[in-house]
Protein chains: 2
Amino acid sequence: MVTLKDVAREAGVSPKTVSRVVNDDPAVNTGTREAVAAIIKRMHYVPDHAARMMRMSHSSVVGLMTDVVATTPYSVDIVRGTQAALREQARTMLIASTDGDPEQEQEYWQVFRAHKVAGVVYATMFHRPVDIGTPDFERGIVLANCYSARRSHPSVVPDDEGGGYTQARHLIELGHRRIGIVSLSPVLRATVLRGAGYRTAFAEGGISYDTSLDVPGFIGRPDGGEDLVAYDATLGLLRRPDRPTAIICGNDQIAVQVYAAAATLGLSVPDDLSVMGFDDMTVITRTLRPMLTSVALPYFEIGRIAVEQLARLNRETGGVVTPQTLVPCPLVARQSCRQVA
Amino acid sequence: MVTLKDVAREAGVSPKTVSRVVNDDPAVNTGTREAVAAIIKRMHYVPDHAARMMRMSHSSVVGLMTDVVATTPYSVDIVRGTQAALREQARTMLIASTDGDPEQEQEYWQVFRAHKVAGVVYATMFHRPVDIGTPDFERGIVLANCYSARRSHPSVVPDDEGGGYTQARHLIELGHRRIGIVSLSPVLRATVLRGAGYRTAFAEGGISYDTSLDVPGFIGRPDGGEDLVAYDATLGLLRRPDRPTAIICGNDQIAVQVYAAAATLGLSVPDDLSVMGFDDMTVITRTLRPMLTSVALPYFEIGRIAVEQLARLNRETGGVVTPQTLVPCPLVARQSCRQVA
DNA sequence: TTCATTCTTGACATCGCTGTCACAACCTGA
DNA sequence: TCAGGTTGTGACAGCGATGTCAAGAATGAA
């Protein structure tokens, strides 16, 4: 380990001067600075994080607490977004995934305390309320993809209602009037919010909302134990004499089964049926033929914004923190939706 | 911040004794231990990681260097496996994702050095050779899902050849004799290895390997810029007068298009055509109807084993480190493959 | 030329913890 | 009873960095 002292000796200056060079303290003669910088480079000196952290009593590390990163593959983008934003701030990330186990979570809060992390991004893989019990955790916490029922922490969540609106709106603009919905489990907050979005768009388009066209594509609790029944549900919709000309899906997996059901009945997508996904899982949307039009869950963006909010939270200078940030879900138009007469 | 000294004062003992209690040093009177432990708990004392690390000049943190976590959604399981294994060792994980940018990678090596990480798991999202240039990084490095061309570091990789063998073998056991292959880009190592696996299984089954039945499902470089042409490729195979009764896919996305091509031609899976996927992306395999039989990429396991190897590497007591660990790719049988007469 | 500023630099203490070593108190067996 | 051991505890130093403060050198103003 090359230390500050080693560099100082080599350079013939005091350790403090080397420290100044490392920290870009302007109070160093240009000549000295350059000489020292050269030696630092030559000796491959890297300041010891532990010592620094100890002296300064806080670290440049941010904790990321997640429950089940694996359920929705692309929710990983929250991690990517967080990481990307942190990089810009020259910070790094300590990651903890708890599998939803409260005991593990408690352990990791201790770890974060021990590491004196500068703050924590608390991310969940479903958009849902959480209740954070963190004895004595003094640093800032920002919730990503979840929100505090007690409004105790700022949160960054996808605008599911807007996403639902976007799905319906796009189809209506293409001239569809009979629109089926194959939705996620009704216990999910996303389902409720998007439902509100559909209804707003329907009302704007002068379309009455027909409950019999709104069927669940998943049944059971959405934590691995659920069943995907979208195929049968869609068959039901498509066999009606007044079958819908378009179907809005709760996610892209449902869309896969809608495609299958359409194929079974000899219906062509998008000629006979337009299909609109949600999530924009590229593994699916770009793989299906025709490629699936979908509305993206802005996970990367959510991670990025969460870090931004965290920075504001910590900059105690009255940095303005938004209690809840709604991140829009943009339409990604591909080939599965078509204009109707 | 509650410090050791605070606890000591409160307990009426010396800091060193508190330190002993925290570290489970047996040389503490049971009574003292319990008293101190109670106070630690009451005061919510958590040992300062920085101070500890500084004193002991190494940390309990392991670095995870990844390139592009996002390309294959489930490659995230490497991260999960790593994390799970580290938890058992009471270690934590500093994560860096470089997007494949060498400059970022260099930066993160410095960060890892600064943090005095106990070791590094270097994970890539494609099974491929890597060349690690790490000036002055003294701690252990284990490669996950990649390997060193210069054999300078131990690696943990999926047994792609075995996976290919498993795919072919399963179909042969079901009685298939004409088996089509829609493969990944031929520039991928996985493609080459699995090809060898197919041929071994074919030879064992007394089936001659027909190159005209082996077509690429992707074209272009496999880093986001590639094109999925499996649909057309499959149509080609299925329109042959001597069409294959089964198709082996390079991954599950290809299988999606194989299903689509079969549907287009009015062929039923699995009655007219058996389909075998690879990767076991559950988003796809459990969503397709019939559900897709696939061979799993054991990402979680790879992460876990990498951590294990790292532990051996650091336990300098001649811990035996396997230069290359091949992790088997298990068959996950579902409904897309059927016995033929 | 002299005094007041600025500019550069270094000595020193200190952050929280643990390794080393010393020492007191308590045993054991002869 | 005492030498020799074991047990439990604390004083102290020091890990590598930086904040504080002071002092010497260089500059400018009068």
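Letters A, B, ... are given to chains in the order of the sequence lines, protein chains preceding strands, and every chain is numbered from 1. Because the structure is a prediction, the values reported are computed rather than measured.
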Item to complete: Send over the distance from B/Asp24 CG to C/dC17 C1', rounded to a whole Å.
Response: 16 Å

Practice prompt. State the CG-CD distance between B/Leu86 and B/Gln89, to the nearest 0.5 angstrom.
Written response: 6.0 Å

Worksheet item: Within the pair A/Arg55 and D/dG19, is there a side-chain N or O less than 4.0 Å away from OP1 or OP2?
Response: no

Worksheet item: Any idea which of D/dA17, C/dT8, C/dG16 is nearest the A/Asn29 side chain?
Response: C/dT8

Worksheet item: Between A/His49 and A/Ser59, which heavy-atom pair has the shortest distance, and what is it?
Response: NE2-CB, 4.0 Å

Worksheet item: Want to settle it: does B/Ser57 or B/Pro26 sit nearer the 5' end of DNA chain D, counting the closest nucleotide to each?
Response: B/Pro26

Practice prompt. Round to a whole Å and report the spacing from CG of B/Asp25 to C1' of C/dC17.
Written response: 14 Å

Fill in: Angle of first-five versus last-five pair axes in the helix from C/dT1-D/dA30 to C/dA30-D/dT1, to 10 degrees
40°

Fill in: Heavy-atom pair with the smallest gap, counting every atom of A/Ala85 and A/Arg304
CB-CG, 3.8 Å

Worksheet item: B/Val28 side chain: which of C/dC17, D/dT9, D/dA17 is closest?
Response: D/dT9

Fill in: Whether A/Thr98 side chain and A/Gly100 backbone form a donor-acceptor pair below 3.5 Å
yes

Discussion item. Rounded to whole Å, how long is the line connecting atom NE2 of A/His49 with atom C1' of D/dC15?
Written reply: 15 Å

Discussion item. Rounded to whole Å, how long is the line connecting atom CD1 of A/Ile40 with atom C1' of D/dA17?
Written reply: 13 Å

Discussion item. Looking at B/Asp67 and B/Arg128, is there a salt bridge between them, counting it only when a charged N and a carboxylate O are closer than 4.0 Å?
Written reply: yes

Worksheet, complete the sentence: note: B/Met1, atom CE; C/dC15, atom P; distance rounded to Å ~ 12 Å

Fill in: Enclosure of B/Arg151 CZ (heavy-atom neighbours >12, cutoff 6.0 Å)
no

Fill in: Mutual orientation of the aromatic rings belonging to B/Tyr108 and B/Phe112 [parallel < 30°, tilted 30-60°, perpendicular > 60°]
tilted

Worksheet entry | Whole-Å gap separating P (D/dG8) and CD (B/Glu34) | 13 Å

Fill in: Backbone N/O of B/Ala96 and side chain of B/Thr66: donor-acceptor pair under 3.5 Å
yes

Practice prompt. Could you check which residues of residues 12-23 of chain A get a heavy atom under 4.0 Å from DNA chain C? Sort them by number, please.
Written response: A/Val13, A/Ser14, A/Lys16, A/Thr17, A/Arg20

Practice prompt. Would you kindly give the NE2-to-P distance between B/His115 and D/dA17, to the nearest whole Å?
Written response: 14 Å

Item to complete: Determine the interplanar angle of the B/Tyr147 and B/His127 rings, folded into 0 to 90°, and report it as parallel if under 30°, tilted if 30 to 60°, perpendicular if over 60°.
Response: perpendicular

Worksheet entry | Given D/dT18, C/dC17, D/dG16, the nucleotide with the shortest approach to the side chain of B/Met54 | D/dG16

Worksheet item: Rounded to the Å, how far apart are A/His58 NE2 and D/dG19 C1'?
Response: 14 Å

